[in-house]
Visitor: 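Before we start, here is the structure in question, set down as structure tokens.
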There are 2 protein chains.
Amino acid sequence: MSKKHTDPTPSQAGSADGPPALPVPRGRTTLGMVAQRAGVSPSTVSRILNGTANVSPVKRALVERTIQELDFRPDPMARSLAGGRTMSVGVLTQFIDSPFYGEALRGIEDQLHPANYSPLFVSGHWNEAEETSRVALLQERKVDGLIVLTGRLSDAALLELAKALPVVVTGRRLSADNLYSLDYDNEEGMRLAVRHLHALGHRQIAFISGPLDHPDAQARMDGFRGEIQTTEPGYDPDLVVIGDFQESGGFRAMGLLLQSGRLFSAVIAANDQMAYGARLALHRAGLRVPEDVSLVGFDDLLYSAYTLPPLTSVRQSVYEVGQTAARAMLDLLARRTPPSKVIPAELVVRESTRMVRR
Amino acid sequence: MSKKHTDPTPSQAGSADGPPALPVPRGRTTLGMVAQRAGVSPSTVSRILNGTANVSPVKRALVERTIQELDFRPDPMARSLAGGRTMSVGVLTQFIDSPFYGEALRGIEDQLHPANYSPLFVSGHWNEAEETSRVALLQERKVDGLIVLTGRLSDAALLELAKALPVVVTGRRLSADNLYSLDYDNEEGMRLAVRHLHALGHRQIAFISGPLDHPDAQARMDGFRGEIQTTEPGYDPDLVVIGDFQESGGFRAMGLLLQSGRLFSAVIAANDQMAYGARLALHRAGLRVPEDVSLVGFDDLLYSAYTLPPLTSVRQSVYEVGQTAARAMLDLLARRTPPSKVIPAELVVRESTRMVRR
DNA sequence: TTGTACGCGTTATCAA
DNA sequence: TTGATAACGCGTACAA
């Protein structure tokens with residue numbers, strides 16, 4: 001009789017006290033209460049919850065009904081303490097408000113939520129030390145898995161992590177047990193851009209690169225260089241300038257290009273943001289896009305369809321990358337082998353490119 | 001002698017095995033181990049950690065040193081289970097990749113982290129039911145506090161929540177114990193925009209509103225209407241059209257405006273994204289900005305400085321909103337009263353507006 | 001000021 | 001198949 005929680009007034013929701021009232025943080029139904037009410041032991045309830053062992057169909061049904069009635073949901077914290085899952089997966093991104101990776105976050109969220117997992121977002125700011133400490137934080141929080149969006153962690157560090165928990169990493173080609181890597185095809189995307197311009201008759205193609213210590217930037221640069229080398233005048237280092245993946249960097253880079261006096265009829269920016277900056281610089285210099293120079297971006301941000309002129313850009317659905325990463329994580333978590341999948345790059349031709357002027 | 005964890009090999013970090021190796025998830029140092037090593041009771045360690053009671057300076061120093069040596073960090077889960085804090089605060093936003101609220105998330109993150117709190121981001125998608133369920137999820141996860149970025153929860157729901165945990169809301173004017181609300185001044189911002197245009201001689205000013213069931217949209221609409229009513233021709237309902245806060249909606253809205261045959265020399269869009277769409281529609285119609293029509297946006301997104309022409313827009317530092325909200329939360333958590341602060345709106349004049357043509 | 005003992009809600013081990 | 005029982009790591013009455 002001295003039990004603490006007795007008669008836990010089930011389902012008292014939906015009374016007539018106003019609109020969608022928040023489910024009253026009821027005196028917290030516990031697993032023990034369910035067990036008691038169903039007349040079974042706590043272990044049995046736990047087993048049913050986790051599918052840890054076989055339970056007789058009758059008891060299972062009974063317990064499941066009771067769970068419904070009491071609207072019982074296991075406490076993630078208690079679960080974690082006891083060595084179970086936290087139903088959360090850590091997501092290491094670089095800036096929480098990145099227009100590029102942002103879509104990936106949404107993809108992850110959209111996939112994880114229906115599976116009852118919660119993403120835990122942390123930002124590494126493109127700084128290895130910071131990434132390392134954020135990942136440590138995630139481990140403290142006992143995430144069940146870790147999704148790493150590119151970033152600067154070493155392959156070795158990732159491999160090491162994969163020994164402790166399932167890891168999904170994008171922007172890399174790595175192979176290991178408990179580790180799934182998902183590389184989008186930066187090189188191919190860049191090749192597409194070069195070929196497009198080439199087909200339009202452009203021969204002097206300038207390139208605004210991202211910072212080369214940035215994995216995406218390096219890959220895109222490789223793609224550009226590789227493809228351009230197979231064409232007419234070949235690769236010309238004077239036609240490439242390094243930016244910082246920001247609008248301002250693109251602006252400055254274009255300024256440099258213009259100053260250099262080198263001629264070019266087209267420009268590829270390693271990302272859309274730099275393309276925006278470059279476009280403004282061209283405008284300031286009295287040059288029109290695409291009449292005077294063609295411009296190609298990379299990423300196909302949402303805005304790019306609405307810039308003036310609408311920007312031709314290389315698209316690799318980052319949203320899809322996020323979704324795929326999350327699904328792979330779910331697979332890993334369920335001890336299934338995720339299907340390998342490549343996110344294709346695709347060129348979206350709009351109005352910033354046209355046939356070279358003769 | 002049958003203790004489980006003995007001699008927990010302290011600080012084995014920084015050996016010569018490669019670059020910034022991840023701090024080996026050591027066999028987890030526990031509070032008990034600290035206590036044992038320092039020769040005090042676990043409770044004493046706990047008290048020092050939480051400042052729960054007075055401890056003699058000598059023991060305190062000793063324990064603190066031991067904590068350093070062992071690199072001990074309390075387990076958030078265990079802490080939560082035992083009724084302590086989780087050192088996490090829930091953040092309800094609407095879309096994790098919103099270009100507008102994204103900056104706020106960064107502001108929150110930047111403030112919370114140094115204080116050792118982790119944000120837990122969830123998205124409500126402008127859907128009251130979803131917001132409610134996400135908040136419930138946050139409560140399950142036992143967040144210490146809750147930051148709500150605008151959204152559709154009722155004031156009543158918020159007030160109810162504030163009884164259970166500290167709450168900070170933006171985009172609202174609410175007052176209650178344990179609740180801090182932070183309203184940015186949409187109305188004033190809109191007034192600024194109208195006055196600017198008016199000063200340039202514009203009299204026929206069209207307005208592209210956001211969806212009116214959206215709090216920000218309503219406030220901005222109110223601001224526009226209020227100010228325009230005090231001027232020359234007054235408020236003309238035919239000159240306002242409802243958009244959806246997206247580029248595409250701005251595009252369509254401008255199309256409608258153009259079709260209507262009504263004359264106007266300037267347009268205000270309730271947010272930058274719609275301004276982008278409107279600008280493209282104007283372009284398609286052969287109208288130039290600002291030569292033929294002046295255009296003003298709202299939010300001053302990062303891109304707006306790089307659009308063609310650079311967009312005149314109303315700025316209210318969302319980053320600052322995030323920071324302020326987070327600081328207020330920290331205050332609430334520490335049982336201090338947050339200073340009331342208003343985030344001022346400011347007009348950033350660029351090149352999309354000019355004197356009306358006569 | 002300090003220590004002991006218990007409880008938080010769950011999972012895991014071991015018997016039965 | 002099921003049920004006790006012991007952790008998990010920490011906070012906190014309560015006692016000393």
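Sequence lines set the chain letters: A, B, ... in the order given, protein chains first and strands last, and positions in each chain run from 1. This one's a predicted model, so the numbers in the text were calculated from it and none came from an experiment. Hydrogens, waters and symmetry mates are skipped; everything else that's a heavy atom, side chains included, is used.
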Visitor: If the cut-off is 4.0 Å, is A:K59 near the phosphate of D:dG3, judged by side-chain N/O to OP1 or OP2?
Guide: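 Yes, A:K59 has a side-chain N/O under 4.0 Å of OP1/OP2 on D:dG3.
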Visitor: Quick one: closest heavy-atom pair of B:V55 and B:R47, and the distance?
Guide: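 Taking every non-hydrogen atom into account, CG2-CB, 4.1 Å.
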Visitor: Nearest to the A:P74 side chain among C:dC8, C:dG3, C:dT10, which nucleotide is it?
Guide: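 Closest nucleotide among those given: C:dT10.
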Visitor: Of the non-hydrogen atoms in B:L159 and B:A176, which two are nearest, and what is the gap between them?
Guide: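 Closest pair (atom of B:L159, atom of B:A176, distance): CD1-CB, 3.8 Å.
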Visitor: Would you say B:T30 reaches D:dG9's phosphate, i.e. side-chain N/O to OP1/OP2 under 4.0 Å?
Guide: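 For B:T30, the contact criterion (side-chain N or O under 4.0 Å from OP1 or OP2 of D:dG9) is not met.
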Visitor: 5'-most contact on DNA chain D: B:M77 or B:T52, nearest heavy atom basis?
Guide: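 Residue closer to the 5' terminus by nearest nucleotide: B:M77.
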Visitor: Is any side-chain nitrogen or oxygen of B:R79 closer than 4.0 Å to OP1 or OP2 of D:dG11?
Guide: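 Yes.
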Visitor: With a 6.0 Å cut-off (strictly less than), is the heavy-atom count around CZ of A:R335, excluding the residue itself, greater than 12?
Guide: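 Not more than 12 within 6.0 Å, no.
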Visitor: Taking OP1 and OP2 of D:dT12, is either one under 4.0 Å from a side-chain nitrogen or oxygen of B:S43?
Guide: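 For D:dT12, OP1/OP2 do not have a side-chain N/O of B:S43 under 4.0 Å.
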Visitor: When you measure from the side-chain N and O atoms of B:S56 to the phosphate of C:dT2, is any distance below 4.0 Å, counting only OP1 and OP2?
Guide: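 Answer yes for this pair, as a side-chain N or O of B:S56 is under 4.0 Å from OP1 or OP2.
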Visitor: If you check every side-chain atom of A:D75, which of D:dG3, C:dG9, C:dT11 has the closest atom?
Guide: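 Side chain of A:D75 sits closest to C:dG9.
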Visitor: With a 4.0 Å cut-off on heavy atoms, is B:S46 in touch with a base, just the backbone sugar-phosphate, or nothing at all?
Guide: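 Base contact - B:S46 has a heavy atom under 4.0 Å of at least one base atom.
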Visitor: Given 3.5 Å as the limit, does a donor-acceptor pair link the side chain of A:T66 with the main chain of A:L62, or not?
Guide: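 Checking the backbone N and O of A:L62 against the side chain of A:T66, a donor-acceptor pair under 3.5 Å is found.
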